[in-house]
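Structure, as structure tokens:
Each chain gets a letter, A, B and so on, in the order the sequences are listed, and its residues count up from 1.
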Amino acid sequence: MKSVCFIFNKPPYGQESGKELLDICLMCSAFEMPITVIFQGDGVLQLIENQQPDILNIKNYSKTFKALKLYGVETVLIDAAGLEKHQLVTENILNIGEIANSKIIQNVIQNTDFSIML
Amino acid sequence: MKSVCFIFNKPPYGQESGKELLDICLMCSAFEMPITVIFQGDGVLQLIENQQPDILNIKNYSKTFKALKLYGVETVLIDAAGLEKHQLVTENILNIGEIANSKIIQNVIQNTDFSIML
Amino acid sequence: MKTLFILNNPSKLTTCLEAMAKDDGLLLIEDAVILTRKNIERKEISLQALNEDVTARGVNHTDPSWQLINYAKFVELTLTFDKSVTWL
Amino acid sequence: MKTLFILNNPSKLTTCLEAMAKDDGLLLIEDAVILTRKNIERKEISLQALNEDVTARGVNHTDPSWQLINYAKFVELTLTFDKSVTWL
Amino acid sequence: MATFSLLITANPYSNQGQYSALKFTKAVLEAGHIIKRIFFYADGVLVANRLNCPPADELNLTKSWAKLAIEKDIELTVCVTAALKRGIVNQAEAERNALTSESIDPAFELSGLGQLTEAMLASDRLVTFG
Amino acid sequence: MATFSLLITANPYSNQGQYSALKFTKAVLEAGHIIKRIFFYADGVLVANRLNCPPADELNLTKSWAKLAIEKDIELTVCVTAALKRGIVNQAEAERNALTSESIDPAFELSGLGQLTEAMLASDRLVTFG
């Protein structure tokens, strides 16, 4: 089966692309493709714990990230440089993956059959 | 009469916003509002002489900039830092305005009743 | 005339600051609230961020040294300044 | 597997380069053709730009040291590399 | 008491700008100020499409603007050139362009870009949401 | 000979991506390769609106895709969830959502996101235009 990685690199809510990319990811999981999810750069902000977009009348889809394991997503990588840039520590974000440096992220992108970002 | 300045800060053709901003500018000139046009940062690329967007099947609206004087636009400012960033000299761009530094540009923005960018 | 610059895209910060004069103000809204004070070198500029956008994203942890305001204050600000420009 | 990174937005260059490994290639299209070689520090990366986008914008004056290619070559490149990712 | 006009260019499907503009408009009215006109331009006009069907758990921006306009008697003006390009047409434009049907929500009105300039001249402030 | 699929998310009114994707598709076919499917998602679906009326001196992207699809027998698949939100509906969806009319150009077909995954699995390359 071909593998695919999804790269989240934008902060949530200003643009819809995070939710749209997540929907593709869930669909690929339904087809049982091996999936890696990467949160790179500003994308790490997708994982902040106490988001409350309901006050903007926008739906909170960040909860779905917690369910990625249930959907069969085995590897979730969180960019160390992105966390540092935004002064985030592991306590501030959803505990759903491993912190990774850019070499590891590069390696994962190189070793999947498809890479998608939106 | 209230005055207005238009700030072009994006390169042409990747996005439609340059053309859309130009259309507002022409409409304000029809109402005889005093107008200043500023090309800032990447916006200076709107003024490159030999554009050929027709090969992309996109319309070349840069010719309309040459007609700004005819539309009664008195002041056109071109950001010196933007030119330098893109290695442009006056020979590369439409001869429709004065080269200005950021202090002059700041001053114009501060002294118009409305400022619009898209 | 003093201008209120409204910024919603963090990647436009640099060119926005270049266009701002001494007495101008900067209001961060939408995705621009992810910026932190250290991104903004010009200390003389008055800085505000829209509280709802900060709370929605949960980015309060960075303890921004700018003032958080609500929409009522946003409206007031557009009148306190002589005009606004949304820096897109 | 070598990846072809396709970049259309010049403001995303930095994060794109961070994601690129040694044997990867970078193809500049649309607004990204306004970038110049000096913007790209990593000299080991193979660099191309889409000729039509360069000509449309008239930015040939900067004499980019990367190779200009047409759409036929663009299609070929996506096959020379093992896959492509459009860096948005 | 001041008079405001808004210029909205934000894409309603992909950006937050229309959400922000709605909240700003309500805050202007709550503070006792006047809204002269809300002008939709560029991708902002897409919100006037009455065929828009967002999922049930998302805000329907088209209906939100329409409700506000009716309750508070606000002019929602849509640039006709930007709209035509994007498939937002009223009955007259549909007939003129040989289209099968109109598509604009009745709370919005198609008009020319001159309505934006006219609003600027009649307002103390113009605030853009893009 | 290789098999390509395209994922198009570019806004047809505001970005160049759909122009680039058209040229890329033609180049793929000219080189003798196969297009398995072109999948429109996010703002990319807006190109399927048959009410789109660009000015006479601008390229009509909707008709350009339709022409290519008919001449070369290419599948143009539009994500139904993204489309419904954006007012792009076929007869069945219009009835289901109590809308007055359909709005999709007949060269495009509404379907689920699964069609994208299926296309990936059946293609050598997926190229995105955003």
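- If you tally non-hydrogen atom pairs under 4.5 Å between each of B:Asp23, B:Ile24, B:Ile116, B:Val4 and chain E, the highest count goes to B:Ile24.
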- Verdict with reasoning, B:His86 to B:Asp42, per side chain to side chain donor-acceptor pair (under 3.5 Å): CA-CA 8 Å; B:His86 293 289; B:Asp42 292 344; 2.7 Å; yes
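- Interface remark: B:Asp113 contributes no atoms to any contact with chain E (heavy atom separation under 4.5 Å).
- Heavy-atom distances place no part of B:Leu26 under 4.5 Å from chain E, backbone and side chain included.
- Using a 4.0 Å cut-off between charged side-chain N and carboxylate O, E:Glu71 and E:Lys67 make a salt bridge.
- Residue contact with chain B, scored on non-hydrogen atoms closer than 4.5 Å, involves the side chain of E:Leu116 exclusively.
- Residue B:Leu118 touches chain E through its side chain alone, counting heavy-atom pairs closer than 4.5 Å.
- Under 3.5 Å, the side chains of E:Asn52 and E:Thr62 contain a donor-acceptor pair of N or O atoms.
- Between the side chains of B:Thr112 and B:Ser3, not a single donor N or O lies within less than 3.5 Å of an accepting N or O.
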query: E:Asp43 and E:Arg86: salt bridge (Lys or Arg N to Asp or Glu O under 4.0 Å), yes or no, with the steps?
result: CA-CA 8 Å; E:Asp43 281 337; E:Arg86 291 169 174 82; 3.0 Å; yes
